[in-house]
Colleague: 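Below is a structure I'd like to ask you about.
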Amino acid sequence: MNNIRFAILGCGRIAYRHIEAINKTAGAQLVALCDLDSSRTNSYAKEFGVSAFSNYHKMLNSADVDVVNIMTPSGMHAEHTIDIIKRYKKHIVVEKPMALRVEDCQTMIGVAKDNGVKLFVVHQNRFNLPVRKVREVISKGEFGKLSMATVRIRWSRDQAYYDRDPWRGTWAFDGGALTNQAVHHIDLLRWVAGDIVSVSAIADTRFITAEIEDTAVAWVKFANGAIGAIEATTTVRPSGNDIEASMSIIGERGVAIVEGAAVNKMAFWNLDSTDVAELTEDIPNVYGFGHDHVIANVVESLYNGAPPAIMGEDAQKSIELLNAIYCSIEQGGKEVLLSDEPRSHRLGVIKEGDNWIAELYRSQI
Ligand SMILES: NC(=O)c1ccc[n+]([C@@H]2O[C@H](COP(=O)([O-])OP(=O)(O)OC[C@H]3O[C@@H](n4cnc5c(N)ncnc54)[C@H](O)[C@@H]3O)[C@@H](O)[C@H]2O)c1
C-alpha cells in the first residue's frame with residue numbers, strides 16, 4: 001500500500017514532535033512543511049529532505065499530500081482547517097485546542113463530513129498508559145461509584161514565552177493557562193470521569209503582563225453525581241520547570257493517582273495488584289509519546305476506514321467545558337450549567353485591535 005503523505009502547517013514549538021512521530025510510523029511519510037517564517041522550516045526541510053513553503057496554497061497546489069497537520073496559533077485552527085478542507089479536500093490532524101469557539105468546532109466537523117475527509121484532533125495524553133488504564137477500569141464500572149475526580153497542572157510559562165509571538169497571551173488567538181496548557185487535563189477529566197453538568201471557577205493573572213489568566217481553579221459536578229476540581233497554573237518559578245500534571249480518581253472500590261510532569265506516572269493504584277511501575281511511562285518532556293499514537297491512528301484509520309480515535313465531536317465537548325469555565329469566571333464564579341450552552345465572551349473573539357494578528361496568520365492565496 002502507498003504511504004500516507006503528511007504535510008505540516010506551522011513549524012513552531014510543537015512541529016518537531018509531529019515530524020518525529022511521522023518519521024517513526026510505518027506507512028507515514030513526511031512530504032512538505034509550511035511556515036510563514038522560513039527560518040522555522042529550512043533546517044527541518046534540509047534535515048529530512050522535504051520541500052519547504054511559506055504559503056500553504058503553494059504547498060497544496062504543488063506537493064502531493066493526503067493529510068495536513070495543523071499547528072498554527074490556536075485561534076487560527078478553525079479558519080485554516082475549514083479553508084484547507086474546502087479548497088483542497090485534505091484529511092486534517094489539528095492540534096489542541098481544536099478551536100476556541102464551540103461554533104467553530106461544529107463548522108469544522110460539518111465541513112469535514114460534507115467533503116468526505118477525516119478530522120483527527122490531538123489530545124495526546126489520552127494515549128498515556130496510566131490514563132488509558134484508569135479510563136478502562138472506570139468504563140467497565142470496576143471503580144464503582146465515584147466520589148471525586150480532580151486534575152492539577154503546575155507548569156511554568158514566563159513573560160518571555162508570552163512575548164515570543166503576537167498570538168500568545170491573547171483572548172482572540174490563545175486563551176490562558178486553562179486553554180493552552182490545562183486543556184489537555186480538562187479533556188482528560190471529562191473523558192475519564194464522565195460528562196460534567198455544571199462548573200464554577202475563578203482566575204487571575206498573577207505573574208505576567210497579558211490579557212489572559214495564568215492561574216485558575218474550578219469545581220465541577222459530574223452527571224454521575226461525583227464532584228471534581230481543576231487547578232491550573234503556569235506560574236511555577238523559577239521558570240522552566242513543568243513540575244506537575246496530575247489526575248486523581250476516588251471511587252468506591254479504589255483510588256488512582258496519576259502524576260508526573262504530563263500525567264505519565266501511576267503514583268497510587270489499588271484497584272488490582274498491578275504494580276504502579278507497570279503503569280508508568282518515562283517521558284523526555286511534557287509532550288510525551290502520545291503524538292506517535294496519534295499519527296499511527298491516522299495511518300490505520302485511513303488504511304482501514306476506522307473512525308479517528310479522537311473524534312471532533314468528542315474534542316468539541318472539551319471546548320464546551322472550557323467555555324463554561326470561562327463563562328463562570330466572567331460572572332465572578334457563578335455556577336453555570338452546561339445544558340445552558342454557556343460561552344465565553346472573550347475566548348476566540350477577535351476585537352478590532354486584534355485584526356492585525358489575524359491578518360498576519362491568514363494565508364494569502
Ligand atoms: N499537543 C501539545 O502538547 C502541544 C504543545 C505545544 C503546542 N500545541 C498547539 O500547537 C499550536 C501551535 O503551538 P506552537 O507552540 O507550536 O506555536 P508557535 O507560535 O511556536 O508556532 C506556530 C507557527 O505557525 C505559523 N503560522 C501561523 N499562521 C500560518 C500560516 N497561515 N501559514 C503558515 N504558517 C503559519 C507561525 O509562523 C508559527 O511558526 C497551538 O494551537 C498549541 O496549542 C500543542
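In this chain, numbering begins with 1 at the start of the sequence shown. Counting starts at 1 for both ligands and their atoms, following the listed order.
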Colleague: Side chain, backbone, both or neither: which part of L36 has a heavy atom under 4.0 Å from ligand 1?
Modeller: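 It is both parts that get close, each with some atom under 4.0 Å.
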Colleague: Knowing that exactly one of V68, I22, V67 qualifies, which makes a side chain to side chain contact (heavy atoms under 4.5 Å, CB included) with I8?
Modeller: I22
Colleague: Do R152 and E244 sit within salt-bridge range, that is, some charged N less than 4.0 Å from a carboxylate O?
Modeller: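 E244 and R152: salt-bridged.
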Colleague: Who pairs with D83 by side chain to side chain donor-acceptor pair (under 3.5 Å), at least two apart in sequence or on another chain?
Modeller: Y56, R87
Colleague: Is I92 reachable from I4 through a run of I, L, V, M, F, W or Y residues, each pair having side-chain heavy atoms under 4.5 Å apart?
Modeller: yes
Colleague: Could you check atom 15 (O) of ligand 1 against the protein and tell me its nearest heavy-atom contact, residue, atom and distance included?
Modeller: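 That would be R168 NH2, 3.0 Å.
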Colleague: For atom 12 (C) of ligand 1, what's the nearest protein heavy atom and its distance?
Modeller: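 Looking only at protein heavy atoms, the one closest to atom 12 (C) of ligand 1 is M71 O, 3.2 Å.
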Colleague: Please report which non-hydrogen protein atom sits nearest to atom 37 (O) of ligand 1, along with the residue it belongs to and the distance in Å to one decimal place.
Modeller: D35 OD1, 2.6 Å
Colleague: Is the number of heavy atoms from other residues, nucleotides or ligands under 6.0 Å of L36 CG greater than 12?
Modeller: yes
Colleague: A cation-pi test, strictly: NZ or CZ of R132 under 6.0 Å from the centre of the six-membered ring of F127 and no more than 45 degrees from its axis. Yes or no?
Modeller: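 No, R132 does not lie over the aromatic ring of F127.
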Colleague: Does the structure place the NZ or CZ of R157 under 6.0 Å from the centre of the six-membered ring of Y161, at an angle of no more than 45° from the ring's axis?
Modeller: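 Judged by the rule (NZ or CZ under 6.0 Å from the ring centre, within 45° of its axis), R157 counts as positioned above Y161.
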Colleague: At a 4.0 Å threshold, what atoms of ligand 1 neighbour a non-hydrogen atom of R164?
Modeller: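 Answer for ligand 1: 20 (O).
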Colleague: Just which atoms of ligand 1 are under 4.0 Å from any heavy atom in H80?
Modeller: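 Close to H80: 28 (N), 31 (N).
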Colleague: Please round to the nearest 0.5 Å and tell me the distance separating atom OG of S38 and atom CG of L33.
Modeller: 12.0 Å
Colleague: Among all protein heavy atoms in this structure, tell me which lies nearest to atom 24 (O) of ligand 1, with the distance rounded to 0.1 Å.
Modeller: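 Answer for atom 24 (O) of ligand 1: G10 CA, 3.4 Å.
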Colleague: Could you list which atoms of ligand 1 come closer than 4.0 Å to a heavy atom of L9?
Modeller: 32 (N), 33 (C)
Colleague: Is K351 salt-bridged to E211, going by a charged N under 4.0 Å from an acidic O?
Modeller: yes
Colleague: Evaluate whether atom NZ of K86 has more than 12 neighbouring non-hydrogen atoms of other residues, nucleotides or ligands under 6.0 angstrom away.
Modeller: no
Colleague: With heavy atoms only and a cut-off of under 4.0 Å, state how N55 meets ligand 1: side chain, backbone, both or neither.
Modeller: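 Answer for N55: neither.
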Colleague: Applying a heavy-atom cut-off of 4.0 Å, say which part of Y287 lies close to ligand 1: side chain, backbone, both or neither.
Modeller: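 For Y287, only side-chain atoms sit under 4.0 Å from ligand 1.
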Colleague: Which residue supplies the protein heavy atom nearest to atom 21 (O) of ligand 1, what is that atom called, and how far is it?
Modeller: G12 CA, 3.2 Å
Colleague: Short list, please: which atoms of ligand 1 are under 4.0 Å from a heavy atom of S363?
Modeller: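 Here the atoms of ligand 1 in question are 31 (N).
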Colleague: Can you report which non-hydrogen protein atom sits closest to atom 44 (C) of ligand 1, along with the distance?
Modeller: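 Ranking protein heavy atoms by distance from atom 44 (C) of ligand 1, first comes E95 OE1, 3.1 Å.
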Colleague: Does R168 pair with D174 as a salt bridge, N-O distance under 4.0 Å?
Modeller: no
Colleague: When only distance counts, is D37 in polar contact with ligand 1, meaning an N/O pair under 3.5 Å?
Modeller: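 Min N/O separation from ligand 1 is not below 3.5 Å for D37.
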Colleague: Hey, does R40 come in under 3.5 Å of ligand 1, counting only N/O atoms on both sides?
Modeller: yes
Colleague: Show which atoms of ligand 1 fall inside a sub-4.0 Å distance from at least one heavy-atom site of H291.
Modeller: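 Ligand 1 atoms under the 4.0 Å threshold to H291: 1 (N).
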Colleague: Specify the protein heavy atom at minimum distance from atom 26 (N) of ligand 1: its residue, its atom name, and the distance to 0.1 Å.
Modeller: T72 CG2, 3.8 Å
Colleague: Note the single closest protein heavy atom to atom 7 (C) of ligand 1, along with its residue, its atom name and the distance in Å.
Modeller: I14 CB, 3.7 Å
Colleague: Salt-bridge test for E20 and R17: reply yes if a basic N is under 4.0 Å from a carboxylate O, no otherwise.
Modeller: yes
Colleague: Within ligand 1, which atoms have a heavy atom of P73 less than 4.0 Å away?
Modeller: 24 (O), 27 (C)
Colleague: Yes or no: does P97 have any heavy atom under 4.0 Å from an atom of ligand 1?
Modeller: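 The answer is yes, since P97 has a heavy atom less than 4.0 Å from ligand 1.
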Colleague: Compare H57, H77, Q124 and give the one whose heavy atom is closest to atom 2 (C) of ligand 1.
Modeller: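 The option holding the nearest heavy atom is Q124.
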Colleague: Indicate yes or no: does an N/O atom of W167 lie under 3.5 Å from an N/O atom of ligand 1?
Modeller: yes
Colleague: Would you mind checking if E213 and R206 are paired as a salt bridge, meaning a charged N to carboxylate O distance below 4.0 Å?
Modeller: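 Result for this pair is no, no salt bridge flagged.
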Colleague: Hey, does R17 sit under 4.0 Å from ligand 1 if you only count heavy atoms?
Modeller: no
Colleague: Taking only heavy atoms of D165, which atoms of ligand 1 are found under 4.0 Å from at least one of them?
Modeller: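 This gives 19 (O) as the contact atoms.
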Colleague: Transitive ILVMFWY cluster of V236 at side-chain heavy atoms under 4.5 Å: who else is in it?
Modeller: I243
